[in-house]
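Below: the structure, in structure tokens.
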Amino acid sequence: MKEIIIDGERFSDIDGFYREIISLLSDGSSISSIHNLDALHDLLGGGFGVHACGEPLHIIWMHAEKSREDLGYQAAADYWYARMQRCHPSNQNHFQKLAEDALHQKGKTLFEMITEMISDSEAAHSLSFL
């Protein structure tokens with residue numbers, strides 16, 4: 001099983017996380033950027049770079065507590081507000097509610113959404129925190 005190490009000291013926001021994960025998983029020729037969690041899900045599925053489609057990875061997240069803070073409720077609210085600006089008008093109320101819930105510390109943080117996506121992936125990735 002291939003191992004990758006995410007270092008929470010290398011980023012402090014979702015865009016930095018995206019750059020970090022792309023540098024770890026992409027071979028540089030197939031995917032150069034991701035802008036939302038759906039694209040992250042696709043990247044984690046494999047077939048775009050260093051691991052084959054469906055191939056499990058062992059992911060070690062160093063400085064996870066820093067990332068837990070950086071990608072907390074405020075980051076989740078910012079993410080949902082940004083999605084609201086780019087989505088179809090029929091979805092704006094949904095994203096606005098998610099953003100407002102995050103501001104009231106309801107629902108999931110961005111860190112929780114990302115780690116659940118990694119753990120629940122079809123490729124059965126394993127995830128450890130340091």
Side-chain angles (χ1 to χ4, degrees):
M1 181 179 294
K2 290 182 181 163
E3 180 178 283
I4 67 161
I5 299 172
I6 298 170
D7 186 351
E9 289 288 333
R10 295 178 49 105
F11 58 90
S12 59
D13 60 17
I14 189 63
D15 291 331
F17 170 77
Y18 289 153
R19 285 189 299 275
E20 174 78 357
I21 199 76
I22 287 170
S23 74
L24 297 169
L25 295 181
S26 176
D27 62 7
S29 63
S30 55
I31 190 165
S32 60
S33 67
I34 55 177
H35 303 286
N36 60 52
L37 295 178
D38 296 328
L40 174 61
H41 179 267
D42 293 343
L43 182 61
L44 288 169
F48 296 103
V50 300
H51 70 297
C53 188
E55 178 184 359
L57 297 169
H58 178 66
I59 300 172
I60 299 170
W61 197 316
M62 292 176 39
H63 305 107
E65 283 305 311
K66 177 187 179 299
S67 295
R68 187 181 308 275
E69 290 178 30
D70 292 341
L71 302 174
Y73 283 111
Q74 183 62 54
D78 294 344
Y79 175 79
W80 293 124
Y81 279 130
R83 288 291 305 265
M84 187 176 77
Q85 300 302 316
R86 296 187 310 268
C87 73
H88 188 275
S90 65
N91 292 326
Q92 287 179 337
N93 288 340
H94 173 69
F95 289 128
Q96 182 172 358
K97 174 155 180 16
L98 290 170
E100 289 172 1
D101 283 351
L103 288 175
H104 292 97
Q105 298 190 351
K106 295 180 185 175
K108 296 178 183 170
T109 66
L110 207 48
F111 182 81
E112 290 167 333
M113 287 184 267
I114 292 167
T115 57
E116 284 180 13
M117 183 180 297
I118 292 169
S119 298
D120 294 343
S121 74
E122 294 174 8
H125 303 308
S126 63
L127 180 61
S128 303
F129 301 105
L130 297 177

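Quick note: numbers below take in every heavy atom, side chains included, and nothing from hydrogens, waters or symmetry partners.
- Ser126 meets the side chain to side chain contact (heavy atoms under 4.5 Å, CB included) test with Met1, His58; sequence neighbours excluded.
- Under the 4.5 Å side-chain criterion, counting only non-hydrogen atoms from C-beta, Asp70 is not in contact with Phe17.
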Criterion side chain to side chain contact (heavy atoms under 4.5 Å, CB included) on His125 and Ser119, from CA distance to verdict: CA-CA 6 Å; His125 303 308; Ser119 298; over 6 Å; no
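- In this structure, Ser26 contributes its side chain and Ser23 its backbone to no donor-acceptor pair below 3.5 Å.
- Counting heavy atoms from C-beta outward, Ile118 and Leu44 have side chains that approach closer than 4.5 Å.
- Ring planes of Phe129 and Trp61: tilted class, angle from 30 to 60°.
- Expressed to the nearest 0.5 Å, how far CD1 of Ile4 lies from CG of Leu24 amounts to 5.0 Å.
- Residue pairs meeting the side-chain hydrogen bond (donor to acceptor under 3.5 Å, both in side chains) criterion with at least one partner in residues 72-81, sequence neighbours excluded, are Gln74-Asp78, Tyr79-Arg83.
- For the pair Ala102 and Ala76, the tightest heavy-atom approach, listed with the atom from each and the gap, is CB-CB, 3.9 Å.
- Taking the side chain as every heavy atom from C-beta outward, Arg68 and Thr109 never approach each other to under 4.5 Å.
- Within 6.0 Å of NZ on Lys66 lie more than 12 heavy atoms contributed by other residues, nucleotides or ligands.
- Atoms CE and CG, on Met84 and Asn91 in that order, are 12.0 Å from each other to the nearest 0.5 Å.
- Residues passing the side chain to side chain contact (heavy atoms under 4.5 Å, CB included) test with Ala75 are Leu110, sequence neighbours excluded.
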Ile6 vs Ile60, side chain to side chain contact (heavy atoms under 4.5 Å, CB included): CA-CA, chis, key distance, verdict: CA-CA 6 Å; Ile6 298 170; Ile60 299 170; over 6 Å; no
Pair Leu57-Leu25, side chain to side chain contact (heavy atoms under 4.5 Å, CB included): steps then yes or no: CA-CA 10 Å; Leu57 297 169; Leu25 295 181; 3.6 Å; yes
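- Contact check for Leu130 versus Ile5: no side-chain heavy atoms found under the 4.5 Å cut-off.
- Not a single salt bridge (Lys or Arg N to Asp or Glu O under 4.0 Å) links Glu100 to another residue, sequence neighbours left out.
- To the nearest 0.5 angstrom, Asp101 atom CG is 10.5 Å from Gln96 atom CD.
- Clustering ILVMFWY residues whenever any of their side-chain heavy atoms sit less than 4.5 angstrom apart, transitively, puts Met62 in a cluster other than the one holding Ile21.
- For His63 against Asp7, the heavy-atom pair with the smallest separation is ND1-OD1, 2.7 Å.
- Lys2 places no side-chain N or O within donor-acceptor distance of the main-chain N or O of Pro56, the cut-off being under 3.5 Å.
- In this structure, the separation between CG on Leu43 and CD1 on Ile22 is 6.5 Å, given to the nearest 0.5 Å.
- The side-chain hydrogen bond (donor to acceptor under 3.5 Å, both in side chains) analysis of residues 36-51, with sequence neighbours excluded, yields no pairs.
- Within the structure, the side-chain hydrogen bond (donor to acceptor under 3.5 Å, both in side chains) test picks out the following pairs touching residues 8-19 (sequence neighbours left out): Arg10-Glu20.
- Counting non-hydrogen atoms of neighbouring residues, nucleotides and ligands closer than 6.0 angstrom, the NZ atom of Lys106 reaches no more than 12 such neighbours.
- The shortest non-hydrogen separation linking Leu71 to Ile14 is CD2-N, 3.7 Å.
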